[in-house]
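To start, the structure under review is shown below, and the notes come after it.
Since we're looking at a predicted model, the values are computed, not measured. Note on naming: letters A, B, ... go to the chains in the order of the sequence lines (proteins, then strands), and numbering restarts at 1 for each one.
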Number of protein chains: 2
Amino acid sequence: MSNREHDKIVNLSKLKAACEDCGMYGLCLPIGIHEKDMARLEKIIKRKQPLKKGEHLFNQGDAFHSLYAIKSGSVKIYSIADDGSEQITGFLLPGELAGMDAINTGQHNSYAKALETTSFCEMPFAQLEELAGQLPSLQHQLLRLMSKEIVKEGEMLMQLGKKTAEERLASMLLSFSTRFKERGFSPTEFNLSMSRNDIGNYLGLVVETVSRLFTRFQEQGLIYVKGKYIRLIDMQALGKLAGLNTADNNSNPKTA
Amino acid sequence: MSNREHDKIVNLSKLKAACEDCGMYGLCLPIGIHEKDMARLEKIIKRKQPLKKGEHLFNQGDAFHSLYAIKSGSVKIYSIADDGSEQITGFLLPGELAGMDAINTGQHNSYAKALETTSFCEMPFAQLEELAGQLPSLQHQLLRLMSKEIVKEGEMLMQLGKKTAEERLASMLLSFSTRFKERGFSPTEFNLSMSRNDIGNYLGLVVETVSRLFTRFQEQGLIYVKGKYIRLIDMQALGKLAGLNTADNNSNPKTA
DNA sequence: CGACTTTTTGATCCGATTCAATACGCGTGG
DNA sequence: CCACGCGTATTGAATCGGATCAAAAAGTCG
């Protein structure tokens, strides 16, 4: 796509396709990296065999070696507490990074499971870190992505802390809508690759509640649902549901 | 305390006390930084006037310039949603860092308010980043702390997603206990600097529920409470409450 | 097709919220 | 120093949203 002159090595292998050829180029780690530096980044990125549905990218307890970038498909991130209970902490779409929570301890403390056939890149962290020391833009991008992750989780805390079941599901639908749009997919029509149970787990609700909400939203003409297929019909109403419902819960504006 | 020879500048000012003299040295950013590099790190760290109770370290919407390390006191991190509702996402104790969520957008999307008289250091991020490019150990430590933040929030998600009111409060008490201990304070006896309302907001509960729980825990002989003063009496029982109560909620172990 | 899993729908129950009122803590000023 | 006032905390009673229990319906896959 763009002109790279001084590289004989980069394209020597079919397996090692360039980031620039990846549909998620504009969303992934390479953002803001100078073209001349990209070759160095690409050299440490490993193309991997796609995962089949149900396979794991990594397991809780695994030693941490690499970050992973999702290229296509989707991944569910979850952990299992001592008592055996599962908590889903996120769903990854193409262009998003997995494994950052493991940097701290050097051990993955979550599972990453493919919800469908999923292709990804592996980026050995030691090499990434070394390179980041040499490329300020890469270092910055790495910090930025981690910061983004922190913000994302903070927003999720807001969800779980204050919102009703209805608000949570509406928010989630809109969040997926936005993310699909960023990735060039339709913002109003998509398949949710995870089960109703997963949705409930993620949102802090039981599966029956999620099911009832989908039904209700459909009855109210907000969405059309057919299994995993979702069409958002009344985005505005969904936004209103997601955002400004209980405009009080512990809000306590004066303490601000 | 330790021997530094080659520095005339570092100690020239009383204000600019060394990190090594800070009680939180072992918990803060400097972990793992070589002694010879510390001088460079210290040079960019600004000592600031302590905040009085109620004053803000930064406000939501502020341009992001610096990370802040808490030296003493405590801080509440919260954001205000469009609808005016407040959500507390965390409380910071000495040795902990604030502002990492702003790296992504270059804008703080939370407030940081002192819950009591609080002293802190300011670390201009641009300089920190530049230095991190030169000191691998600093870069690593920075990434590690951000990773830790992600993990911490992930654990909080687990709390809010699945746990009962009782479990949440027990967890919070134990979390503070651990953190106080790490900082050299008593793990069984401390003052919670935040209001009951703040605790409730943080845990996704209303203030009445929090109050009732404190009363109940005390009746059950788990703790002694007197206003902000807390003494943990039966840590084991608290741990049991916090951890292994509802060992089922959406656990669905087979999907693991 | 037939077994199994996932989803939906219905009826009931319970934990936490809400509403309401009292008690406590604390700073201010007389 | 105590009285007053106001914010914070506690306690009580009623209500409700979402969980739980139960069962049928719809997908999924070998």
Sorted by chain and residue number, the salt bridge (Lys or Arg N to Asp or Glu O under 4.0 Å) partners of Lys152(B) (sequence neighbours excluded) come out as Glu149(B)

So the salt bridge (charged side-chain N to carboxylate O under 4.0 Å, His left out) pairs with at least one residue in residues 93-102 of chain A (sequence neighbours excluded) are Glu96(A)-Arg179(A), Glu96(A)-Arg183(A)

Contacts of Phe91(B) that satisfy ring-ring contact (aromatic ring centres under 6.0 Å, His included) - sequence neighbours left out | Tyr202(B)

Quiz: residues 219-230 of chain A side-chain donor-acceptor pairs under 3.5 angstrom, not counting sequence neighbours:
unit_1, atom_1, unit_2, atom_2, d
Lys228(A), NZ, Met194(A), O, 3.4
Tyr229(A), OH, Glu189(A), OE2, 2.7
Tyr229(A), OH, Arg231(A), NH1, 3.2

Contacts of Ser211(B) meeting side-chain contact (heavy atoms from CB on, under 4.5 Å) (sequence neighbours excluded), chain-then-number -> none

Whole Å only: how far is the CG atom of Leu205(B) from the C1' atom of dA9(D)?
-> 16 Å

In whole angstroms, the gap separating C1' of dA9(D) from CG of Leu192(B) amounts to 14 Å

According to the interplanar angle, ranging from 0 to 90°, do the rings of His56(B) and Tyr111(B) count as parallel (below 30°), tilted (30 to 60°) or perpendicular (above 60°)?
-> perpendicular

Please state how far atom CD1 in Ile199(B) lies from atom P in dT8(D), giving the value in whole angstrom units.
-> 13 Å

Sequence neighbours excluded, which residues qualify as side-chain contact (heavy atoms from CB on, under 4.5 Å) partners of Lys48(B)?
-> Lys46(B), Phe120(B), Glu122(B)

Check the interface with nucleotides 26-30 of chain D: list each N/O to N/O pair with the protein under 3.5 Å, or write none.
unit_1, atom_1, unit_2, atom_2, d
dG27(D), OP1, Lys226(A), NZ, 3.1

How many Å lie between CD1 on Ile230(A) and P on dT7(C), as a whole number?
-> 11 Å

Terminal axes of the helix from dC1(C)-dG30(D) to dG30(C)-dC1(D) (five pairs each): angle between them, nearest 10 degrees = 50°

Partners meeting side-chain contact (heavy atoms from CB on, under 4.5 Å) with Ala114(A) (sequence neighbours left out) | Leu51(A), Thr118(A)

To the nearest Å, give me how far apart CD (Glu167(A)) and P (dG18(D)) are.
-> 9 Å

Thr105(B): partners by side-chain contact (heavy atoms from CB on, under 4.5 Å), with sequence neighbours left out = Gln107(B)

Protein-nucleic acid N or O pairs under 3.5 Å, nucleotides 10-13 of chain D:
unit_1, atom_1, unit_2, atom_2, d
dT10(D), OP1, Arg196(B), NH2, 3.4
dT10(D), OP2, Arg196(B), NE, 2.9
dT10(D), OP2, Ser211(B), OG, 3.0
dT10(D), O5', Ser211(B), OG, 3.0
dT11(D), OP2, Thr215(B), OG1, 2.6
dG12(D), N7, Arg212(B), NH1, 2.9
dG12(D), O6, Arg212(B), NH2, 3.3

Rounded off to whole Å, could you give me the OH-to-P distance for the Tyr229(B) and dA9(D) pair?
-> 18 Å

Across all chains, not counting sequence neighbours, the side chain to side chain donor-acceptor pair (under 3.5 Å) partners of Thr178(B) are none

Mind calculating the distance between CZ (Arg168(A)) and C1' (dA19(D)) to the nearest angstrom?
-> 12 Å

Spatial distance of atom CE (Met100(A)) from atom OG (Ser110(A)) [nearest 0.5 Å] | 10.5 Å

Between CD of Glu166(B) and P of dC14(C) the distance, given in whole Å, is 16 Å

